[in-house]
Amino acid sequence: MEAKQSVLIIGGGIAGIQASLDLASRGMKVYLVEKTPSIGGRMSQLDKTFPTMDCSMCILAPKMIECFRHPNITLLTYAEVQEVKGSAGNFRVKILKKPRFVDLEKCTGCGECAQHCPVEVPNEFDMGLGVRKAIYVPFPQAVPLKYTIDDENCVKCRLCQRMCKAGAINYDQPPETIDLNVGAIIVATGFELFDAQTRSEYGYGKYQNVLTSLEFERLLSASGPTGGHLLRLSDGRIPRRIAFIQCVGSRSLKGGVSYCSSACCVYATKEGVLIREHNPECEVYVFYNDLKVFGKGFQEFVNRAKNEWGVKYVRALPGEVVEDPKTGDLTIWYEDTTENVTKSMKADIVVLCPALVPRVTSKELAGILGLELDEFGFMKSRDPLFAPVDTNLPGIYICGYCQGPKDIPESVAQASGAAARAAEAIVAAGKEAH
Amino acid sequence: MTEEFEPKIVGFLCNWCSYAGADLAGVSRIQYPPNLRIIRVMCSGRVDPAFILEAFISGADGVLIAGCHPGDCHYIAGNYKAQRRGILLKKLLEQFGVEPQRLRIEFVSASEGAKFAVVVKEMVEDIKKLGPSPLKARVEVEGLIHA
Amino acid sequence: MEQNEKETPRIGVFICHCGINIGGIVNVLEVVEYAKTLPDVVYAEDNLYTCSSDGLNKIKEGIAKYNLNRVIVASCTPRTHEPLFRATCEEAGVNKYLFEMANIREHCSWAHMHEHERATEKAKDIVRMAVAKARLLQPQTEPEIDVTPSALVIGGGISGMTAALCLADQGFKVSLVEKEPELGGMLRNLNKLYPTMQDASKSLEHFIKAVKSNKSIDVFTSTAVKEVKGFIGNFKVTLQKGNSETPNLDIGTIVVATGATILEPVGMYGYGKHENVITQLQLERLLKEGQLKKPEKVVMIQCVGSREEKGRTYCSRVCCMTALKNAMLIRELYPETDVYLLYRDLQTYGHHYEHHHREAQEKGIRFIKYVLEKPPEVSAGKNGKLEVNVYHALLGEPIKIESDLVVLSTPLIQHEDAKELSKMLKVPLGSDGFFFEAHVKLRPIEFATDGIFVCGTAHSPKDTAESVSQAFGVASRAAIPMALKRLRTEAVTALVDEDLCSGCRICEAVCEYSAIEMQEKEGKLTSKVLEALCKGCGTCGASCPTGAITMRHFTDNQLIAQVRAAPQVAKEVAKHD
Amino acid sequence: MAYEPRIVAFLCNWCSYMGANLAGTSRISYPPNIRIIRVMCSGRVDPIFVISAFEAGADGVLVCGCHPGDCHYVSGNLKAEKRIETTRKLVKLLGLGPERLRLEWISTSEGGKFAEVVTDFTQKLRKIGPSPLKSEANPKAKASLNVQEVIKKAIAETNVRYCLECGKCSGSCPISRLNEAYSPRRTVEKFLIGLENKVLPTADLWTCLTCFTCTERCPSDVKYPYFIRACRRVAPVDVKEELCAHRGIPMALSRIMTNPKIKQERMDWLPDGAEISEKGDLLYFVGCAPYLDVYFEDFNLGLIKIPQSVVKILDKVGIKPVILRNEKCCGHDLLWTGDFENFEKLAKVNAADFKETGAKKIVTACPEGYRTFKEDYPKFLENFDFEVLHISELLSELIDKGELKFDTKIARKVVYHDPCRLGRHMGVYEPPRKVLASLPGTELVEMERNRQNALCCGVSSWLSCNRYSKGVQIDRLREAKATGADLLVTACHKCQIHWKCVTSEKLPVDPGEVTMEMRDLSVLVAEALKLA
């Protein structure tokens with residue numbers, strides 16, 4: 001496939017997946033690079049999606065498989081971009097493929113190896129709430145469904161090698177550098193969570209029953225560490241009241257980021273509704289400042305959460321959360337700003353909604369690509385109004401959360417946008433050639 | 001023969017949610033009794049009442065129809081239609097003297113492996129209580145068995 | 001395609017140990033032996049991993065050696081592995097629709113790990129069911145249709161123009177239809193654009209020039225879409241300019257970018273009663289034309305006619321930012337003027353807008369939160385001023401403001417004529433009146449009906465940047481079928497037996513994809529499947545009272561065969577033969 | 001014109017006042033230097049009356065009551081005796097000369113004695129000469145400011161304008177929790193929409209503990225305590241004085257020290273044999289310990305041990321610190337109660353005195369002084385460039401260098417309280433802990449709320465000492481007690497005073513829950529070095 005007709009896409013989340021499918025299905029060659037062992041990104045970690053309550057994996061998995069099956073898409077998972085040279089129409093790219101120590105050709109994903117692996121480590125996919133083995137797939141629906149030995153934790157007992165009937169285990173697998181020649185590049189590296197520990201007044205990391213929203217999402221998920229049973233991690237008790245705290249590190253001129261993460265108010269509402277579904281006995285309180293309901297169907301969703309599901313909203317950002325060391329119960333101190341009284345509330349679980357921030361690695365990646373970042377580390381649009389997916393460099397485009405806060409549909413639409421621009425660039429390059 | 005009655009259950013699972021849910025049950029090694037025989041359809045909306053009657057006539061002791069949750073349907077609203085038909089059908093079955101509990105309509109999403117297993121367990125227990133399908137008995141007596 | 005019916009099935013069954021995942025629980029060899037006893041099975045074998053390249057070769061060899069015309073693999077779930085095995089069959093010259101999969105891992109060995117015997121029995125049943133279906137399988141071809149490489153963009157606002165330009169630059173022909181005499185849409189009313197604060201009209205000029213000068217774009221102003229016929233790749237579109245009808249356009253894909261309009265808040269907060277109560281849009285125009293006389297105190301009221309308990313429940317998304325922008329412009333123009341912003345929840349989302357909020361704070365804009373239960377009141381005050389009384393929710397006190405200008409932020413709403421368009425295109429409107437996409441999460445800018453797409457404020461309220469983002473997205477989605485030129489459509493589609501069809505139209509009603517239309521044949525009304533649109537869910541088949549509709553690859557007799565095979569007991573069946 | 005002493009006299013209504021009358025009716029003449037104030041009982045004479053009289057320029061103060069046993073109110077006069085003793089010590093510390101304050105028993109029948117006392121007192125005061133405070137204009141007088149301007153500036157400079165009204169401040173404020181009426185958020189909001197007059201004349205302005213908990217947590221970086229401090233400057237003074245604990249004596253003392261003529265006698269505490277220098281690299285700023293030790297002597301906190309310990313510890317490592325014999329108040333309390341003018345005067349005097357000594361480093365065992373020198377002086381003065389250290393920082397330095405060897409085992413379970421000024425104000429959390437951890441045998445435990453989340457001791461700048469602040473104090477002591485520790489260590493004199501104060505009153509809780517042995521960090525270290 002000649003360079004002009006192929007595109008490199010960095011990041012295998014929903015944005016990267018959508019961009020890949022758009023370009024591949026119009027006949028262009030796509031190299032989809034993902035640094036973890038599986039594509040799927042953040043969306044694969046979600047239980048349901050707002051405001052429709054779609055099961056996230058149900059709607060995502062088919063797209064993941066489509067990527068895997070598509071003749072025009074080459075998946076480069078567990079790989080990272082090392083070097084980029086050249087310009088629009090003709091980029092020369094070096095990709096580092098980290099060793100999985102498992103032969104992708106031979107591995108059938110049967111899982112026999114993991115069944116027998118003696119090493120258990122916290123599972124990144126479950127935000128460390130669950131455990132995985134040292135040889136693992138991040139999650140059951142992983143794509144590709146191929147195992148990976150995580151070198152740091154492997155004890156080299158060789159049990160997996162003995163168990164693997166396909167003989168796929170190869171401890172001596174070397175790292176591999178792949179040279180690509182592409183006409184355009186799309187960056188879709190997504191986001192991560194602001195470290196909630198920096199807001200020490202909420203006791204995250206100190207109190208077991210203070211969780212981040214993504215940890216809680218896993219706790220709710222049928223495929224999560226408790227198999228979808230809503231329990232307190234400290235004592236396995238069924239919670240009677242759960243409180244969400246918004247803006248942990250977002251909209252902050254100090255100790256955080258100054259922007260609004262855009263998704264938290266509504267996903268907290270979603271998680272609130274899920275709690276009430278799981279257990280109508282369990283009260284839900286959402287502590288917020290300004291309820292961000294700007295998206296399509298958001299306000300209606302919040303209304304339903306209030307009226308049909310009895311999710312309660314309090315306009316206040318609590319001052320602090322204190323644990324009773326004996327019971328593990330939490331006391332939240334806050335001023336109800338619409339009732340103008342400062343009071344406390346007991347809760348069994350407190351869920352923090354931390355700011356969503358660009359990947360820490362995006363700085364390094366931007367360096368490799370020569371892209372400009374804004375003050376927050378988001379990839380900078382050439383013109384935030386009329387060229388949102390363009391960057392300072394022709395031929396390199398951005399989409400999804402790495403360009404700025406947005407929800408799934410916005411990321412999907414923008415991913416297609418980036419695909420369109422990439423296609424334009426390639427068409428243009430084609431014209432020049434003739 | 002003295003061995004315990006093991007009901008045969010025919011399950012119609014939609015390709016996009018419930019079939020995947022059953023897959024997940026397996027992948028997560030969630031155990032449930034082996035009484036179910038799964039037939040994959042693209043959408044629970046595809047399940048024609050005739051299929052269900054056919055299942056009972058052919059000797060099934062129970063029929064399960066599982067589709068996506070409302071709103072999740074890959075085909076927008078097929079699952080609703082399945083739901084509606086199911087309700088009518090239960091009435092019809094009663095006419096035939098088949099206990100409506102033998103027909104069960106469930107929403108099972110791709111992430112609900114555990115739920116799927118529970119549904120099957122419950123159904124098997126319920127039907128064990130009910131005993132073999134009366135229709136099956138009749139079918140055998142009246143010799144309507146399909147060769 | 002029916003000619004194969006005569007051909008007697010020769011079925012090969014390949015049963016996978018999947019290492020010990022299946023083999024460790026199910027007695028695979030017993031299943032192999034059992035499979036051999038089943039009707040039309042001419043060959044059966046077991047593999048350690050059928051999906052391994054070596055396993056795949058075994059299948060090809062089997063096909064050649066026993067000239068198999070049906071292949072069954074009993075292993076894992078078709079959802080991940082079917083495409084792989086199908087491809088293998090095709091390579092060996094067997095139509096991929098003659099392949100069937102029996103899931104004896106996820107649905108059997110893994111789910112019944114402690115009941116080896118019964119698991120084995122179940123595996124046999126599953127294989128038998130697969131065989132029952134395989135015997136009746138028919139080869140299928142995925143029909144191809146041509147796609148006209150020309151797009152219709154309805155609406156000449158910033159979304160429409162962006163989509164048009166991007167499609168044109170991808171090498172496609174575009175017809176851009178605008179009902180107004182001028183291109184530009186909403187932006188023509190706007191002054192400055194946040195977050196960059198650039199001049200709306202300047203940006204607009206640039207776009208209009210680009211569109212008009214683009215050879216691949218035909219612009220039709222003062223023109224409406226009169227009629228749309230056909231389906232993806234092959235739409236026939238009639239336009240109307242005044243009362244002169246234009247000849248039909250051949251269109252491949254359609255983009256709906258008709259935008260939105262602003263609510264006229266008649267009777268709200270004294271609008272229409274006091275002339276110094278105006279809308280945000282009117283203020284925008286005053287600022288644009290430099291006509292705003294210096295006020296002493298300005299009060300802006302948010303959520304006027306939006307986020308209501310009932311009726312217009314949605315948040316219009318752009319009003320808070322617009323108000324902030326104009327409030328700041330007023331303070332820059334007249335630093336002594338106090339500006340009060342009466343809001344409910346500030347929608348300063350995203351990574352630019354909170355920054356504007358902070359700027360407004362620096363500029364001394366006074367924010368007062370009110371609640372839906374206690375909205376502000378505007379009444380005539382002393383000497384031509386207005387008296388605004390508002391309950392300050394965050395102080396729990398009533399506040400009185402003597403104001404000489406009250407500005408109402410009203411929501412974006414759908415155009416009146418959108419209903420006709422939605423009927424014409426057979427695409428739905430949501431309860432909020434805006435166009436309703438195929439899937440809120442993963443298909444946000446296309447309709448369930450193939451080949452028709454939506455972007456900009458026609459889809460929901462959004463600002464310029466967001467509309468442009470969507471417009472680019474649409475430019476990709478709409479380009480895909482045109483880039484392919486030919487389109488493979490579903491093979492698994494509905495099939496109408498016209499003799500049985502009574503023309504009751506139930507199928508037409510239940511189809512979510514408008515893939516069924518009625519046709520006259522020999523004076524008889526029968527339903528006809530538009531294969532290009534059919535997705536093969538089979539809902540029509542299930543609801544057909546006369547059983548006139550069935551599905552390819554999931555035919556009634558195939559499914560019934562499985563149904564009948566299901567409840568039997570392997571031992572007994574084995575005895576039969 | 002020749003100097004004539006002015007004497008302010010407080011006479012009890014039943015004996016001494018009658019005695020004075022008798023002197024008159026009996027035509028016994030005495031010098032006209034006396035100005036009489038009638039009180040019902042000499043017991044009524046509060047130290048602040050005396051101090052205020054001196055602050056206002058009196059050369060002598062005379063207090064007369066009934067003879068012991070004759071008191072119309074049983075024993076008011078004996079109480080007066082004790083109180084005057086304490087006050088005399090303060091007068092002595094201020095360097096006014098203890099003999100300027102005189103207590104006499106004068107009965108109804110002792111007109112003659114009254115005249116003698118006045119005559120004698122007048123002559124003595126003529127000899128001693130005028131009070132150094134006399135010439136000074138009333139230091140209470142403050143510059144007139146444009147209230148609007150000050151507030152506008154403060155709103156911008158302290159980020160108040162960025163308030164999102166999320167209420168995190170009130171949810172963090174120790175007082176808001178106990179006092180529904182008080183909300184930092186609402187206070188701010190009133191200023192923001194031009195309702196400042198609903199705050200300025202009210203107690204709300206004087207309620208803030210300036211503990212910086214809200215500041216620490218505010219997502220909009222609103223520096224509420226600084227905003228309040230700025231507003232206090234332009235608030236009506238009478239409200240403040242009503243809300244000042246101890247009738248405002250501490251502020252009065254500080255104000256008096258702005259007078260350049262003051263020559264304090266404050267060095268009596270210096271342990272025998274301890275050597276200090278006039279000039280040198282390191283200056284140890286003692287702070288109010290000598291005054292507090294006197295004023296709160298009933299608490300038996302031994303506050304004076306703090307400077308003594310510091311000097312001994314320094315001596316142990318061979319440091320002979322510079323100590324100013326006429327050291328002035330750092331001005332902390334004046335600044336935080338809005339008296340910027342007098343604060344600046346003190347700052348200037350101190351800065352000059354510091355430079356005198358050629359010191360580079362200033363060490364203090366008091367978080368308030370530490371904060372004031374390190375944070376405020378540089379903002380109010382040009383080129384105030386000293387390295388300022390809290391004793392805990394110096395100690396942990398010395399421990400690092402291995403210059404401090406502890407030979408005594410302190411076998412105690414110790415819990416450390418972060419003083420607001422040291423912790424949240426200045427971010428000094430670890431040095432004190434490091435020092436404690438290195439004491440042999442000590443087990444250091446933490447309260448539920450520690451470091452940046454530590455709860456305030458309950459009062460700051462002697463303001464708004466009321467049931468709410470007591471509530472905070474009890475809450476904090478409970479928390480300390482709950483750790484199971486048997487020794488509560490703090491690094492601030494005032495924490496100890498406030499806690500001792502609340503526990504010596506009738507408690508709303510079982511004393512067992514809150515009473516706890518307390519110790520200052522430096523004192524404990526001295527003990528560990530067998531220097532106590």
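To find a chain, count down the sequence lines: A is the first, B the second, and so on, and within it residues start at 1.
Contacts between C:Met113 and chain B at a heavy-atom distance below 4.5 Å involve backbone atoms as well as side-chain atoms. Proximity to chain B (any heavy atom under 4.5 Å) is shown, for C:Gln562, by both the backbone and the side chain. Of the two parts of C:Val440, neither the backbone nor the side chain holds a non-hydrogen atom closer than 4.5 Å to a non-hydrogen atom of chain B. Heavy-atom distances place the side chain of C:Asn21, and not its backbone, under 4.5 Å from chain B. Residue C:Ser109: no heavy atom, backbone or side chain, is found under 4.5 Å from chain B. For C:His114, the parts lying under 4.5 angstrom from a heavy atom of chain B are both the backbone and the side chain.
Atoms CG and CZ, from B:Asn15 and C:Arg79 in turn, are 6.5 Å apart once rounded to the nearest 0.5 Å. Put simply, SG on C:Cys540 and CZ on B:Arg46 are 8.0 Å apart, with the number rounded to the nearest 0.5 Å. Atom-to-atom distance recorded for C:Met129:CE and B:Ile39:CD1 is 4.0 Å, nearest 0.5 angstrom. With rounding to the nearest 0.5 angstrom, the OG1 atom of C:Thr550 is 9.0 Å from the CG atom of B:Asp48.
Checked for salt-bridge contact, C:Asp125 and B:Lys8 meet the test: a charged N lies under 4.0 Å from a carboxylate O. A salt bridge links C:Glu82 to B:Arg40: at least one charged side-chain nitrogen sits closer than 4.0 Å to a carboxylate oxygen.
For the pair C:Lys535/B:Met42, no side-chain contact is recorded, criterion being any heavy-atom separation below 4.5 Å from C-beta on. Between C:Asn103 and B:Ile38 the shortest side-chain heavy-atom distance does not fall below 4.5 Å. In this structure, the side chains of B:Phe51 and C:Asp556 come closer than 4.5 Å at one or more pairs of heavy atoms. You'll find the side chain of B:Asn35 reaches within 4.5 Å of the side chain of C:Arg118, heavy atoms only.
Taking all atoms of both residues into account, the shortest heavy-atom contact from B:Val27 to C:Glu106 is CG2-CG, 3.9 Å. The two residues B:Tyr19 and C:Thr77 have their closest heavy-atom pair at CE2-OG1, 3.5 Å. Summarising the geometry of B:Pro34 relative to C:His112, their closest heavy-atom pair is CA-CE1, 3.4 Å, with the distance given to 0.1 Å. Here the shortest heavy-atom pairing between B:Cys43 and C:Cys537 reads CB-O, 3.7 Å. For the pair C:Thr539 and B:Arg85, the tightest heavy-atom approach, listed with the atom from each and the gap, is O-NH2, 3.7 Å. Taking both residues in full, the closest heavy atoms of B:Ala55 and C:Pro567 are given as O-CG, 4.2 Å, listed atom of the first, atom of the second, then distance.
Interface check for chain C: of the options B:Ala117, B:Pro33, B:Pro49, B:Ala50, the most heavy-atom pairs under 4.5 Å are formed by B:Pro33. In terms of heavy-atom pairs under 4.5 Å with chain C, the best-connected choice from B:Leu24, B:Leu36, B:Val10 is B:Leu36.
Residue B:Glu122 qualifies as enclosed at atom CD: its count of foreign heavy atoms under 6.0 Å is above 12. Annotation for C:Lys426: atom NZ does not count as buried by contact number, only 12 or fewer foreign heavy atoms lying within 6.0 Å.
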>> Go through it in stages, so that I can follow the logic: the residues are B:Gln31 and C:Trp110, the test is side chain to side chain contact (heavy atoms under 4.5 Å, CB included), and I'd like the CA-CA distance, side-chain angles, deciding distance and then a yes or no.
In response: CA-CA 8 Å; B:Gln31 303 299 298; C:Trp110 276 349; 5.8 Å; no
